Every structure is written in C-alpha cells, then in structure tokens.
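Single-structure report; data block below.
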2 protein chains.
Amino acid sequence: MVHSVRIVGAGLIGTSIALALSAKKIAVELVDVDPVGLALACDLVGCVAVSEPELIIFATPLKALSEVIEEQYHLNPNSTFMDVCSVKTEPVLKVKASSLPLNSFVGTHPMAGREVGGAESARGDLFLSRSWIITPTPESDPSAVALVKDLISELGATVIEMDAAEHDAAVARVSHLPQIASSLLAAQLHNIPDKWLELAGAGLRDTTRIAASDEKLWKEIIHSNADEIRELLINLQNDLSEMIESLPDQEAIAAIIANGRQGRAKIPGKHGGKAREYTYLPIVIDDKPGQLGAIFNECAAMSVNVEDLAIEHSPGQLNALITLALSDDDAIKLSNHLSSIGWNVHPIRK
Amino acid sequence: MVHSVRIVGAGLIGTSIALALSAKKIAVELVDVDPVGLALACDLVGCVAVSEPELIIFATPLKALSEVIEEQYHLNPNSTFMDVCSVKTEPVLKVKASSLPLNSFVGTHPMAGREVGGAESARGDLFLSRSWIITPTPESDPSAVALVKDLISELGATVIEMDAAEHDAAVARVSHLPQIASSLLAAQLHNIPDKWLELAGAGLRDTTRIAASDEKLWKEIIHSNADEIRELLINLQNDLSEMIESLPDQEAIAAIIANGRQGRAKIPGKHGGKAREYTYLPIVIDDKPGQLGAIFNECAAMSVNVEDLAIEHSPGQLNALITLALSDDDAIKLSNHLSSIGWNVHPIRK
C-alpha cells in the first residue's frame, strides 16, 4: 500500500487523484507552477507537505514533462515516478533523455473523462470503475510497478497492462482517429444554411458529438501520437478515394457500407463482453418532465435492464422519440407491457 | 381533405401510410409486385380496392419508379401523384421522361426511421411529429400541392417545403455525408485486436453508431445523390490531406479541431431552436434495473427537463456512467438535489 505521494500538476487529473488519496488518509502533496490554481486545489484537498514521497505523479501537460522530471528526480532520487499522459511512447523518451533512471518510472494513462479541466472540476471518484492503463518498460522495477498498481487500486480503477507502443497504437485507433474523423466531418457544416441544419437527425448529432472537444488538449495528443495517426489517416484517405470512385456503382457502394457495418459490429458490448446485437425499442413520449421517469419505472417493475438509450427530437415538435437498447427477451416483454398500458411503442428493431 | 388513396409499394413507408389512413376511414388501396408482402400488409391494414384514387403514392425503391409511374398514370390519368424517395432530383427526372405530366406530381421525403424495413415493421404512428419534406416543381398544380399537404397533415407530420435540388444538397450534408464518414471510420476497425477494442469509449461508439445501417438502402440513396456527395467527399478529402500535413504542427492541428468544434456548434438544439450549449451532468449508477427510473423520478420531482442523455460502461465493471444534458439552471438544481440525497454525482461539465 502507498503511504505518501507528491503530485506535480493541480489540474483535473492531479487534483482528482489528490482528493481520492486525501480521503483515504494517505499523505499527499500537490505542487504546480500556477499559484492560483494550486491554492484552489489545496483548499479542496487539504494538502500537506511531503518531504520524501514514495511515489511522485507527473500530472502536467506533456510539454512540461522534461522539466518536472529533472526537477523532481533531483529532489527525490529514491522515489518511484509515474505519469498520466494520454500518449505513452513520448514520456518514456523524455525519461530516457533525463537523469531519471528508467527502472524507477512507470507510464500510465487513466481512461477518465477528458472534456473537463482544472482543479475546480476535480472529483475523488473520477476514476471509480474506469480502466487505467499502465505501460511498464522491461527496465521498470517490479516494486515500482507494484506501487503504481496499488495507487490505481486505491483510486478504484482497473489496471490494464500493455507496452507503450501498443497503447499508442490502440488509442490511435479507438480514440484519436474517431476524434479526427468527427472534427473533420463537423468542419463540413460551415456555410450550410440554418434551414438545412434543422433537418439534422440523430445520425449527424452522434457522429459529430466529440467534435465539441477542446483543441488545446487534442493538439498535444494528436501531435504526440502523430506516427500512429498518420498511417491511419492515410488508410482512411485511401478508403475515401475508393468511395469517391465507387459512386457510379451501387454494388461497390454497398460493399463499402457493409464493410463499415461489420467493423462497427466488432466493438464489444458493455462489461468487456463480446459485441452484442441489442434490440432497439422506439417509444414516442411527450417532451416534458416525468415521461422518462415513468418509462424507467416500468422497466424496473418488469425487471428490464436498459443497455443503452438515445433521445431524438423532431424540429418544431414537442414530442421526442426515445430508443431503448435491450436484450431480445427484455425488448419483447417491455414492448408488450408498455403497449398494454397505453404507451406509444413503435415496432421493435434489431 | 383527401378521400381516396392508392399506395404502390407495401414496404415500411407504404404500409405505415396505409395504416394511418385506414384508421381515419380514408379509402386506401395497397398494391405491390410481391404477393406475399402485399398479403401481410393487407391483413394489417384491411385494404380495399379504390377504382379512381384521388392520390397515388409511389412507395417503391427508386429503381422501380419509372415502371410504376408509367403503369399508374395510364390507369388513372386524372389522379395526383407523389413519391416518398430519400432523394428528390432523380424522381423528377423520371417523371419528365415518362408520360405523367409534371403538374400532377409532387416529390416528397418523410424524415422517418429508416433502419426498419418491411410491412411487418409498419406503424400508423410512424410519421407523428416527424418532418416531411415536399419538393413541388414550378409546374406542380397548386391543387396537387394542397392535396399532398393534406395527406401529410393527416399523418401527423410537419410539412417543410424546398425545391428538389435544395433537398438533395441538404440531405447530402446532414445525412449522407455523416453516413459515409461513419461507415468509413467503422471500416478501420477490422484487424484490430479485441483487447484494443475493449478500450473503446463513448466517442468511438457514437461516431460509428450509424455505420450499423443497411447497405441495401444506402447504396441506392448514395448512388442517386452521387453528384452532391462527390463534391462533399472531395472537400473532406482535402481537409483530411490538410490534417495529415498538419501533424507536425500543434497549432495547425488545434486550428482544425477548433474548426470542427465551431461546425458542431451550428447544429440546432431540439424544437428547431438555436443551437444550445447544454450543461452535462455525469452520474455514476449501479448497472441494475431501477437506477435510471429513480434518477428520472428525481428529475420529474424537481421539474427538471432532460434534453439528452448517454450511458457509458467501463469494460469489466458493473457500474455505468450516465450523462444528462440539461439547461444551466436545471443542472445546478438537479446536481445539488441528487448529491444531497446520496447519488454519486460528478462535477458539472459545460
């Protein structure tokens, strides 16, 4: 179990870690170059000074990492060190270029909400039931890895271990490429008349949702993982060219859309299980308080578990279409039940 | 008010129209080249034979349109005619190439659920509170346009009028381009290890949701609107090339991500109003029946209106993160209330 921690960087991640540790009576010190942010964080956390921390966590932007590595290593050469950056190859390169020996360092990446920022958004429960990737190197001391795993367990997260290159390849595909695709798609909406945009349905909204993300965060992530991302963007570009060439040929178009459908089906369902084909139950509700609660009460009364859900609104209307993703059995049970008590249930879709 | 209708094509749209009209005691005849599908549809609807229909609705795939136009016009030269295809320029070209005079024809496109198919999925309430675009030509008789508007109003939908070229340009941008982008993105998920896919979060799921759509429907839509789509795909290709070139430059990356964020912000909020910046309230719940109902009951008790919502599951965990999109005032009110009664509410995000 970890006893004393210093966190460098009092942003969302650093302050959230500090809050969680502080609540568990683990000694935690927060430091930051910004005295205003640090004061707020320390008010929230109730920080102490830790003279010889067992574990030092780098929770700064990537660009500040080299400097804090050097500074912290010289202050505490016997500590264990970890970072929490969204890319994992580049921090290792920075450690290699520093005085800090690689055996005392373990790279990590908590898969926690990233649209938020700043100490004011910090919460001690930010990491509860989240994945937290660790990317030890062959040089990492087993005791350093064990200490980092302890820390992550204390925070309520689940450790997933892989090497740094694998991490960067994986997140390039499941996180960075979707972000870029969504941003590029949303950028096409400039210079479109408002009247056209009012025809937008759930499809456009879903595909562009993450385009709302903050460019200050993403410029660093994308830049740091550029080698992995470049290859994927070139693949996408080739597929896009093939789509353009296929426009005159219905069967070629069908093959591309089918290929996407099969790719989509590979995304696993919740609980890390196999991908599941949910049954979708659409229900038209009045768009006013109480309707959703009433539906979910019926779900609970029937012991029906809602796997996912979406709300769609028609422009100019005061109705909403809610679509519940359910198991096959639950969908039939709930559809029959809701219909029998007068809800406006639409036909089940697979 | 419309008194008698013939519908050619007993699929989802045709049968749904028939069900709604039949319930209103309007005489409706369904015809279809497939006797099995037609028999099912007529069992559902209770069809009659209509010898001289006021209105004939073409609800066939686009590829069958030329033939049914010719056949139906010769049977009923005094009727008014409309179609329900997802593209609107090509049906006009087919009418122009036929014996049917353009003044008797009005193109239309109901913005109703398209993932479903077949008479067995039909519902009389499919069009309730949906938009239904009509694209009359300058030649369309005002009486023909009025009759089509009557029909749409009878079905509970809202008429939106634009010309066919404008329709095709609009749906290319708000519907067809997002579909293609989502399909191409999802196609990149082939040959990815399962372990990597288990890191997928809400971002990947949202951006690829519509990639699950049916290629049989989409090959025809994309092919028929190829001219509009080609231009948009070339724009996207140029922007993608710019992204690849920008990878070495953080500020150039930031400009692209910011451009997407600004494009995303142009999508209007519900009820056709201005785009709204919702406040997002994340809540960690146990993933079991009853939790969602309990939350929405609290929303109703506090008169809080949920504008949108999402559920995210961590792999291997039995918790779920639900995010509610709310007005600023409602978010503060609900966050304080839920926290005070012991819910695991995370900090508000803008």
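Values below: all heavy atoms of this structure, side chains included; hydrogens, waters and symmetry mates excluded. Naming convention: chains lettered A, B, ... in sequence-line order (proteins, then strands); numbering from 1 in each chain. Since this is a predicted model, take the numbers as computed values, not measurements.
- Chain B forms more heavy-atom pairs under 4.5 Å with one residue of A:Ile295, A:Leu247, A:Asn344 than with any other, namely A:Leu247.
- No side-chain heavy atom of B:Leu199 sits under 4.5 Å from any side-chain heavy atom of A:Ser175.
- Contacts with chain A were tallied for B:His167, B:Lys216, B:Glu220; B:Glu220 has the most, counting heavy-atom pairs under 4.5 Å.
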Original post:
Going through the checks in order, is the side-chain contact (heavy atoms from CB on, under 4.5 Å) test met by A:Arg261 and B:Ser183?
Top reply: CA-CA 7 Å; A:Arg261 185 171 50 68; B:Ser183 295; over 6 Å; no
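- The candidate from B:Ile256, B:Asp249, B:Ile244 with the greatest count of non-hydrogen atom pairs under 4.5 Å with chain A is B:Ile244.
- Residue contact with chain A, scored on non-hydrogen atoms closer than 4.5 Å, is absent for B:Asp227.
- Between the side chain of B:His223 and the backbone N or O of A:Ile253 there is no donor-acceptor pair closer than 3.5 Å.
- Using a 4.5 Å cut-off between heavy atoms, A:Ala255 does not touch chain B at all.
- For the pair A:Ile257/B:Lys219, no side-chain contact is recorded, criterion being any heavy-atom separation below 4.5 Å from C-beta on.
- Contacts of B:Ser246 with chain A are absent, with no heavy-atom separation under 4.5 Å from either backbone or side chain.
- Neither the backbone nor the side chain of B:Asn225 comes within less than 4.5 Å of any heavy atom of chain A.
- Rounding to the nearest 0.5 Å gives a distance of 9.5 Å between CZ of A:Arg209 and CD1 of B:Ile267.
- No side-chain donor-acceptor contact under 3.5 Å links B:Arg264 to the backbone of A:Leu189.
- Counting only distance, with no hydrogens or angles, the side chain of B:Lys266 and the backbone of A:Ile192 share a donor-acceptor pair below 3.5 Å.
- Ranked by non-hydrogen atom pairs under 4.5 Å with chain A, the options B:Ser241, B:Ala170, B:Ala187 are led by B:Ala170.
- Ranked by heavy-atom pairs shorter than 4.5 Å toward chain B, the options A:Gln179, A:Lys195, A:Met162 are led by A:Lys195.
- The residue among A:Ile133, A:Leu233, A:Asn191 with the most heavy atom pairs within less than 4.5 Å of chain B is A:Leu233.
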Subject >> Intermediate values then yes/no, side-chain contact (heavy atoms from CB on, under 4.5 Å), A:Met243 and B:Ile222 >> reply: CA-CA 10 Å; A:Met243 181 76 225; B:Ile222 293 168; 3.8 Å; yes
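- Residue B:Gly260 comes nearest to A:Ala186 through the heavy atom pair O-CB, 3.3 Å, listed as atom of the first residue, atom of the second, then distance.
- Side-chain contact between A:His190 and B:Asn259: present, with at least one pair of heavy atoms (C-beta onward) separated by less than 4.5 Å.
- At a 4.5 Å heavy-atom cutoff, B:Ala301 makes no contact with chain A through either its backbone or its side chain.
- For A:Ala212, the parts lying near chain B are the backbone and the side chain together; criterion is any non-hydrogen pair under 4.5 Å.
- Looking at every heavy atom in both residues, B:Asn297 comes nearest to A:Ala294 through OD1-N, 4.5 Å.
- Considering only heavy atoms from C-beta on, B:Glu166 comes within 4.5 Å of A:Trp196 through its side chain.
- Within the model, atoms CG of A:Leu185 and CZ of B:Arg173 stand 12.5 Å from one another, a figure rounded to the nearest 0.5 Å.
- Note: B:Gln250 CD to A:Glu215 CD = 12.5 Å, rounded to the nearest 0.5 Å.
- Ranked by heavy-atom pairs shorter than 4.5 Å toward chain B, the options A:Glu298, A:Met302, A:Glu251 are led by A:Glu251.
- Atom-to-atom distance recorded for A:Leu204:CG and B:His176:NE2 is 12.0 Å, nearest 0.5 angstrom.
- Neither the backbone nor the side chain of A:Ser224 comes within less than 4.5 Å of any heavy atom of chain B.
- Side-chain contact, A:Gln188 with B:Asp239: a donor N or O sits under 3.5 Å from an acceptor N or O.
- Just one of A:Thr208, A:Ile210, A:Leu177, A:Asp206 meets the side chain to side chain contact (heavy atoms under 4.5 Å, CB included) condition when paired with B:Thr207; it is A:Ile210.
- Smallest separation of non-hydrogen atoms from A:Arg205 and B:Pro268: NH1-O, 2.8 Å.
- If you measure heavy-atom distances from A:Glu242 to chain B, you find no contacts under 4.5 Å at all.
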